[in-house]
Amino acid sequence: MKFDCIIIGGGISGLTAGIRCAKEGLHTAIISSGMSALHFSSGSIDVLGYLDNTVVYKPFEALDTLTGTIAQHPYTKCGKPLIIEALQFFKQECETQNVYLFDNENLNHFHVTALGTLKPTYFSQRSVFNEDVYNRFKRMKKIVIINFEGYRDFHPQLAAAQLSKHALFANCEIVAKSIEMPQIQNLSRHPHEFRSIDIARIFEDEEYVYKIADAIRLAADGADFVVIPAFMGIHNFNQIHNIIQSRTRLLVYEVPTLPPSILGLRIDNALKSRFAQLGGVFVAGDKVVRAEIKDDVVQAVYTANHPENPLEAKFYILSTGSFFSGGMVSEFDNMYEPVFKLKLHFEPQRNKWYSPQFFYSHSHPFLEYGVVTDENLRPYDSKNNIIQNLYCSGAILAHYNPIREGCGSGVAISTAYKAANQIVSLYKLMR
Ligand SMILES: Cc1cc2nc3c(=O)[nH]c(=O)nc-3n(C[C@H](O)[C@H](O)[C@H](O)COP(=O)(O)OP(=O)(O)OC[C@H]3O[C@@H](n4cnc5c(N)ncnc54)[C@H](O)[C@@H]3O)c2cc1C
């Protein structure tokens, strides 16, 4: 089969690149082997949350510092104007599928995590976003954190205890509660099925959503702010959030749960349906296992399910993620990129891959390992030659640390946009 562009990996980065290419008329395919980091993420888009171990309030100002000091950083290769354009593109494309992302323009906002910490981020869905979170929190007298009985992946007592330690809540009572909803319990055949997805599906049911809202109102007991695990629907979340807030007359806030993360799933669904709407071909559950390269140009890729059938394109984007998704593989004393065997940045000595303490403030060095590229995001092969028609985007890239810098999705979106932009320009020149 022949395409203009083949993207390997269907996480946030591959999908963003796919949408950009398909929107410009390129016959585009995404081949993706499985779930992506989106299924585990908060669903908020971090652009730059930390710099030099300090919380960043103004991400675009901090970007100037970062790009002025780390020449190899993917953000430096993108440049601030392109990053801003990419983020706006992403926001607009999500909106076409009714996923609305909110921001504070030049400022980060803070979302409450399942562990009760406050995390800086840039875009959030409405049920997570709070324009003026600091001032609002300061005025609050009572917060109720609610779980649903039987749901084992959220611990409101832990979240409440952690949140209470924050200076912002010094004058606020924070209470953990659990609501019993027999109608929901009856639907769970086995305790292990009582997961975020099962409960979110119940929220989608009109028969239950009003009863759930009433149970939340009762449990809130005079609170200004109610926190629940992110269950308010996978598809009709805007309506469900409206129903629950208007019926309870409360500010009801969602916290991301353990996987599968409903907030991340909403974005995943939106991007996939947008890609399909634009005519993109999404091949799910197949894995690219090898590539044919001639004179530094990729000729074709081959998948596990179709090992003898070449998939050909003029351009390719590698968005297979990091170790987490199999984009990079580590062995006892080695690391490699499995599809193209690209040149990597990593420390050969295993004992330098990680820091001695798990929660070390400088994070772990392996998070910065990945594929080395030129300024156009084209990678090098093992002989140090640039592969001319291959671009890399997202978590597979080296020289940034998504945890320490709080920039995972921002980098994934910006580099996808840059890679796709270059392909689109070359494609137009070729026509
Ligand atoms: C657990 C977790 C939570 C996170 N939370 C946040 C957050 O809250 N906010 C934020 O901004 N960032 C967060 N991040 C970081 C951010 O989500 C990632 O940096 C970003 O999602 C990476 O996207 P990606 O598309 O590059 O890779 P991935 O999301 O890893 O997707 C790669 C895809 O490629 C597929 N793939 C791999 N190899 C092949 C192959 N050979 N053939 C075909 N397909 C292949 C995989 O199955 C996967 O679907 C989180 C990351 C993790 C791991």
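Start at 1 and go down the list; that is how both ligands and their atoms are numbered. Because only heavy atoms are used, hydrogens play no part in the values below, and waters and symmetry mates are left out as well, while side chains stay in. Bear in mind that the values here come from a model prediction, so they are computed numbers and not experimental data.
- Only the side chain of Val339 comes within 4.0 Å of ligand 1, counting heavy atoms alone; its backbone N, CA, C and O stay farther away.
- Contacts between Ser44 and ligand 1, counted as non-hydrogen atom pairs separated by less than 4.0 Å, involve the backbone only.
- Between Ser325 and ligand 1, at least one N/O pair is under 3.5 Å apart.
- Interface of Ser32 with ligand 1, defined as ligand atoms under 4.0 Å from a residue heavy atom, comprises 35 (C), 43 (C), 44 (N), 49 (O).
- Residue Gly394 has at least one heavy-atom neighbour below 4.0 Å for each of these atoms of ligand 1: 26 (O).
- Shortest contact from atom 35 (C) of ligand 1 to any protein heavy atom: Ser33 OG, 3.7 Å.
- Below 3.5 Å of separation, one finds an N or O of Val288 facing an N or O of ligand 1.
- Between Arg20 and Glu93 no salt bridge is recorded (no basic side-chain N to carboxylate O distance below 4.0 Å).
- Looking at Ile12 against ligand 1, both its backbone and its side chain come within 4.0 Å, counting heavy atoms.
- Close contacts of ligand 1 with Ser319, meaning ligand atoms under 4.0 Å from a residue heavy atom, involve 32 (C), 33 (C), 34 (O).
- Polar contact check, Ser42 against ligand 1: a nitrogen or oxygen pair lies under 3.5 Å apart.
- Checked by distance only, ligand 1 and Ile45 stay at 3.5 Å or farther apart across all their nitrogen or oxygen atoms.
- Protein heavy atom at the shortest distance from atom 27 (O) of ligand 1 is Gly321 CA, 3.4 Å.
- Protein heavy atom closest to atom 39 (C) of ligand 1, with residue, atom name and distance, is Thr320 CG2, 3.4 Å.
- Nearest protein neighbour of atom 50 (C) of ligand 1, counting heavy atoms only, is Ser41 CB, 4.5 Å.
- Put simply, part of Asp286 is less than 4.0 Å from ligand 1, judged by heavy atoms.
- Less than 4.0 angstrom separates atom 14 (N) of ligand 1 from none of the non-hydrogen atoms of the protein.
- Using bins of under 30°, 30° to 60° and over 60° for the plane-to-plane angle, the ring pair Phe60/Tyr122 lands in the perpendicular bin.
- Heavy-atom proximity to atom 40 (C) of ligand 1, evaluated over Lys287, His39, Glu337, Met35, is greatest for Lys287.
- Ring centers of Phe231 and Phe148: under 6.0 Å apart, within the cut-off.
- Among residues two or more places apart in sequence or in another chain, the side chain to side chain contact (heavy atoms under 4.5 Å, CB included) test is passed with Asp52 by none.
- In this structure, Arg404 fails the cation-pi test against Tyr50, since its NZ or CZ atom is not both closer than 6.0 Å to the six-membered ring centre and inside 45 degrees of the ring normal.
- In this structure, the protein non-hydrogen atom closest to atom 34 (O) of ligand 1 is Gly9 CA, 3.2 Å.
- Ring centroid separation for the pair Phe129 and Tyr100 does not come in under the 6.0 Å cut-off.
- Nearest protein neighbour of atom 29 (O) of ligand 1, counting heavy atoms only, is Ala37 N, 2.9 Å.
- There is a side-chain donor-acceptor pair under 3.5 Å between Glu405 and His73.
- Ring-plane geometry between Phe315 and Tyr391 is classed as tilted, the angle between the planes lying from 30 to 60 degrees on a 0 to 90 degree scale.
- Remark: ligand 1 and Ala395 share an N or O pair separated by less than 3.5 Å (distance only, no angle test).
- Inter-residue side-chain proximity for Tyr380 and Val371 is flagged as unmet; no heavy-atom pair is nearer than 4.5 Å.
- Closest to atom 12 (N) of ligand 1, if we only count protein heavy atoms, is Ser409 OG, 3.3 Å.
- Trp353 and Phe346 have perpendicular rings, their planes meeting at more than 60° on a 0 to 90° scale where under 30° would count as parallel.
- If you number the atoms of ligand 1 from 1 as listed, the ones under 4.0 Å from a heavy atom of Ser13 come out as 24 (P), 25 (O), 26 (O).
- For ligand 1, one of its N or O atoms has an N or O atom of Asp46 under 3.5 Å away.
- Residue-level proximity to ligand 1 for Pro402 is absent, since no heavy atom of it falls below 4.0 angstrom.
- Ring to ring, Tyr75 and Tyr400 are not that close: their centroids are 6.0 angstrom or more apart.
- Annotation: cation-pi geometry satisfied between Arg290 and Tyr302 (NZ/CZ under 6.0 angstrom from ring centroid, within 45° of ring axis).
- Taking each heavy atom of Ile240 and Glu204 in turn, the nearest pair found is CD1-CA, 3.8 Å.
- By the 30° and 60° cut-offs, the orientation of the rings of Tyr369 relative to His345 is perpendicular.
- For the residues Phe40, Phe324, Phe323, Tyr400, the heavy atom positioned nearest atom 53 (C) of ligand 1 is part of Phe324.
- Under a 4.0 Å criterion applied to the non-hydrogen atoms of Gly34, ligand 1 contributes the atoms 47 (O), 49 (O).
- Between the side chains of Asn389 and Lys314, no donor N or O sits under 3.5 Å from an acceptor N or O.
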